[in-house]
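The next block holds one structure in the form of structure tokens; read it before the comments.
Every number for a ligand or one of its atoms is a count from 1 in the order of the listing.
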Amino acid sequence: MRVLSGIQPSGKLHIGNYFGAIAQMLRLQENNELFAFIANYHALSGGAKLDELKQNTFEVAVDFLSLGIDPQKTVFWVQSHSKEVLELYWILSRYTPVGLLERAHSYKDKVAKGIAPSHALFSYPVLMAADILLYDAQKVPVGKDQIQHLEMTRDIAIKFNNEHGDIFTIPEAYIEESVATVPGIDGAKMSKSYDNTIEIFMEEKALQKRCNKIVTDSTPLGEPLDHTKCNVYAICSLFLDEEGKEELAKRYASGKEGYGHFKKYLKSLIWEHFAEAREKRAYYMQNPDIVYDILEDGAKKARAIAEAKMEIIRDAVGII
Ligand code: ADP
Ligand code: TRP
């Protein structure tokens with residue numbers, strides 16, 4: 001099965017990204033042909049700080065490699081290193097009714113949040129369709145907010161195929177229901193835009209400080225705590241198996257420990273879980289050439305597929 005996913009290099013990765021997206025990719029790369037790329041063109045659509053884009057692109061690559069994306073198993077590249085995607089974006093625009101784009105929730109949400117309503121923001125779903133269709137992806141793991149974009153990709157591909165024959169594979173969204181929405185330190189969905197994240201690669205002290213900021217109720221020390229309503233418990237449980245979760249629930253009920261203890265425990269869970277990745281990260285950060293070589297190798301593989309596919313597409317639409 002060919003699986004493809006992209007992530008925008010719009011800032012430091014947090015544990016919501018890890019459990020919501022990256023952990024799935026790591027599982028999928030074991031038994032599938034995984035295509036994973038850093039969507040840096042998408043970052044031009046608004047909101048991202050462009051003076052940080054180069055560094056963010058590099059760091060997201062480092063983070064992915066450190067967390068376990070394996071370039072021997074997975075085609076891993078930066079979107080802008082395979083330019084065919086921009087050509088396909090234009091060709092697909094012909095098969096994209098304006099009305100389809102006007103219905104996009106994510107466009108409306110972003111404009112409501114104050115992002116400038118540029119053509120890039122408006123046509124973002126067409127570029128995403130090009131990413132997916134260029135590589136004949138069958139499954140696309142995405143968060144719930146991206147389902148509509150996948151439906152648009154399918155609509156565009158079906159319209160194209162109706163006119164030109166079966167050129168594109170019709171992709172399906174792949175949603176793991178078990179992947180919960182990871183809460184942030186204020187209990188809302190963890191997201192960069194809400195400034196409520198816990199970054200994966202924080203310094204140890206900063207990490208403890210961040211965990212200490214998780215909002216809890218004011219049950220005094222010495223009284224049993226309700227783990228079912230606790231954000232600290234919810235985040236801890238992402239790192240624990242069933243037995244670990246039961247044990248922690250018992251500690252909450254015992255009344256012997258307060259939230260401060262559980263915040264320390266959470267910090268130690270995060271710190272240990274990413275210990276190996278942190279070491280790899282330090283290595284890649286000191287050896288950027290190794291990272292760029294891996295990305296170039298990935299781009300070569302991506303380009304070979306993209307170039308062959310574009311010949312078929314150009315021929316179908318009459319571009320010489
Ligand atoms: P952010 O909301 O911080 O800007 P992105 O929109 O860049 O994050 O998300 C990148 C990927 O991480 C997406 O696949 C998204 O579904 C996943 N993701 C982000 N935040 C969470 C969360 N709190 N819980 C689960 N998955 C998440
Ligand atoms: N739009 C996706 C997001 O914001 C990122 C993305 C770009 C993507 N192209 C893609 C995801 C292709 C899956 C497939 O999270």
Side-chain angles (χ1 to χ4, degrees), residues 2-26 28 34-49 56-57 60 63-64 67 75 77-80 82 85-86 88-89 92 104-107 109-110 113 115 120-121 123-154 156-157 169 171-200 231 234-235 237-238 302:
R2 184 170 288 182
V3 182
L4 175 140
S5 197
I7 187 153
Q8 286 199 54
S10 46
K12 301 237 183 296
L13 294 178
H14 54 73
I15 60 178
N17 299 139
Y18 181 75
F19 287 102
I22 302 164
Q24 279 185 71
M25 288 192 200
L26 297 179
L28 287 165
L34 180 64
F35 281 59
F37 66 97
I38 303 175
N40 60 340
Y41 281 140
H42 279 275
L44 295 184
S45 66
K49 294 189 187 114
N56 281 341
T57 304
V60 169
D63 289 354
F64 266 64
L67 290 165
V75 182
W77 78 105
V78 178
Q79 186 184 30
S80 62
S82 177
V85 76
L86 291 180
L88 182 55
Y89 162 69
L92 292 181
H105 307 300
S106 103
Y107 174 73
D109 292 349
K110 286 182 179 166
K113 271 194 207 153
I115 297 181
L121 189 65
S123 62
Y124 179 115
V126 189
L127 181 56
M128 183 158 162
D131 288 326
I132 297 167
L133 300 176
L134 186 55
Y135 298 100
D136 281 307
Q138 293 161 289
K139 292 249 188 268
V140 182
V142 282
K144 295 204 173 86
D145 56 322
Q146 297 291 321
I147 295 176
Q148 194 190 23
H149 289 157
L150 245 289
E151 278 163 9
M152 294 165 121
T153 300
R154 290 166 57 91
I156 295 168
T169 301
E172 274 175 34
Y174 173 85
I175 309 233
E176 264 182 42
E177 283 304 333
S178 63
V179 176
T181 300
V182 178
I185 59 171
D186 57 357
K189 178 190 178 233
M190 186 178 286
S191 169
K192 281 184 298 283
S193 2
Y194 306 146
D195 196 20
N196 65 354
T197 65
I198 301 178
E199 289 164 14
I200 299 173
N231 290 326
I235 304 175
S237 65
L238 298 165

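In terms of protein heavy-atom proximity, atom 5 (C) of ligand 2 is nearest to Gly6 O, 3.5 Å. Among protein heavy atoms, the minimum distance from atom 18 (N) of ligand 1 is reached at Gly16 O, 3.8 Å. Among protein heavy atoms, the minimum distance from atom 9 (N) of ligand 2 is reached at Asp131 OD2, 2.8 Å. Nearest protein heavy-atom neighbour of atom 24 (N) of ligand 1: Val182 N, 2.9 Å.
Between His42, Met25, Lys192, His14, it is Lys192 that holds the heavy atom closest to atom 7 (O) of ligand 1. Nearest residue to atom 11 (C) of ligand 1 from Asn17, Val142, Asp145 is Asn17 (criterion: closest heavy atom). Of the candidates Gln146, Gln79, His42, His42 brings a heavy atom nearest to atom 7 (C) of ligand 2.
The contact set between ligand 2 and Val140, taken as ligand atoms under 4.0 Å from a residue heavy atom, comprises 13 (C), 14 (C). Heavy-atom proximity to Tyr124, at under 4.0 Å, picks out these atoms of ligand 2: 1 (N), 2 (C), 3 (C), 4 (O). Taking every non-hydrogen atom of Met190 and a distance limit under 4.0 Å, the qualifying atoms of ligand 1 come out as 20 (N), 21 (C), 22 (C), 23 (N). Taking every heavy atom of Phe37 and a limit of under 4.0 angstrom, the matching atoms of ligand 2 come to 9 (N), 10 (C), 12 (C). Residue contact check: Leu4 has heavy atoms under 4.0 Å from atoms 12 (C), 14 (C) of ligand 2.
Taking all atoms of both residues into account, the shortest heavy-atom contact from Asp131 to Gln79 is OD1-NE2, 3.0 Å. For Tyr135 against Ala302, the heavy-atom pair with the smallest separation is CE2-O, 3.3 Å.
Within a 4.0 Å radius of atom 15 (C) of ligand 1, the protein contributes no heavy atom.
Heavy atoms of Lys189 approach ligand 1 to within less than 4.0 angstrom. Within the 4.0 Å heavy-atom cutoff, Thr181 counts among the residues contacting ligand 1.
Of the possible donor and acceptor atoms, one in the side chain of Asn40 sits under 3.5 Å from a partner among the backbone N and O of Ser80. Within the 3.5 Å criterion, the main-chain N or O of Asp136 finds no donor-acceptor partner in the side chain of Arg2. Of the possible donor and acceptor atoms, one in the side chain of Asn196 sits under 3.5 Å from a partner among the backbone N and O of Lys189. At least one donor-acceptor pair under 3.5 Å links the side chain of Ser5 to the backbone N or O of Pro141. Proximity of a side-chain donor or acceptor of Arg154 to a complementary backbone N or O of Glu172 within less than 3.5 Å is not detected.
In this structure, the separation between CG on Leu44 and OH on Tyr124 is 11.5 Å, given to the nearest 0.5 Å. From Leu121, atom CG reaches atom NE2 of His42 across 11.5 Å, with rounding to the nearest 0.5 Å. For the atom pair CD1 (Ile22) and NE2 (His14), the distance works out to 9.0 Å, reported to the nearest 0.5 Å. Of the inter-residue distances, the one linking Gln146 atom CD with Ser106 atom OG reads 6.5 Å to the nearest 0.5 angstrom.
Here's the thing with Ser5: none of its N/O atoms is less than 3.5 angstrom from an N/O atom of ligand 2. Remark: ligand 1 and Ser191 share an N or O pair separated by less than 3.5 Å (distance only, no angle test). Residue-to-ligand polar distances keep Ala21 apart from ligand 1: every N/O pair is separated by 3.5 Å or more. Taking distance alone, with nitrogen or oxygen atoms compared against 3.5 Å, Ile7 stays at or beyond that limit from ligand 1. Geometrically, ligand 2 and Gln8 share a nitrogen or oxygen pair separated by less than 3.5 Å.
Side chains of Tyr174 and Glu176: a donor on one and an acceptor on the other come within 3.5 Å.
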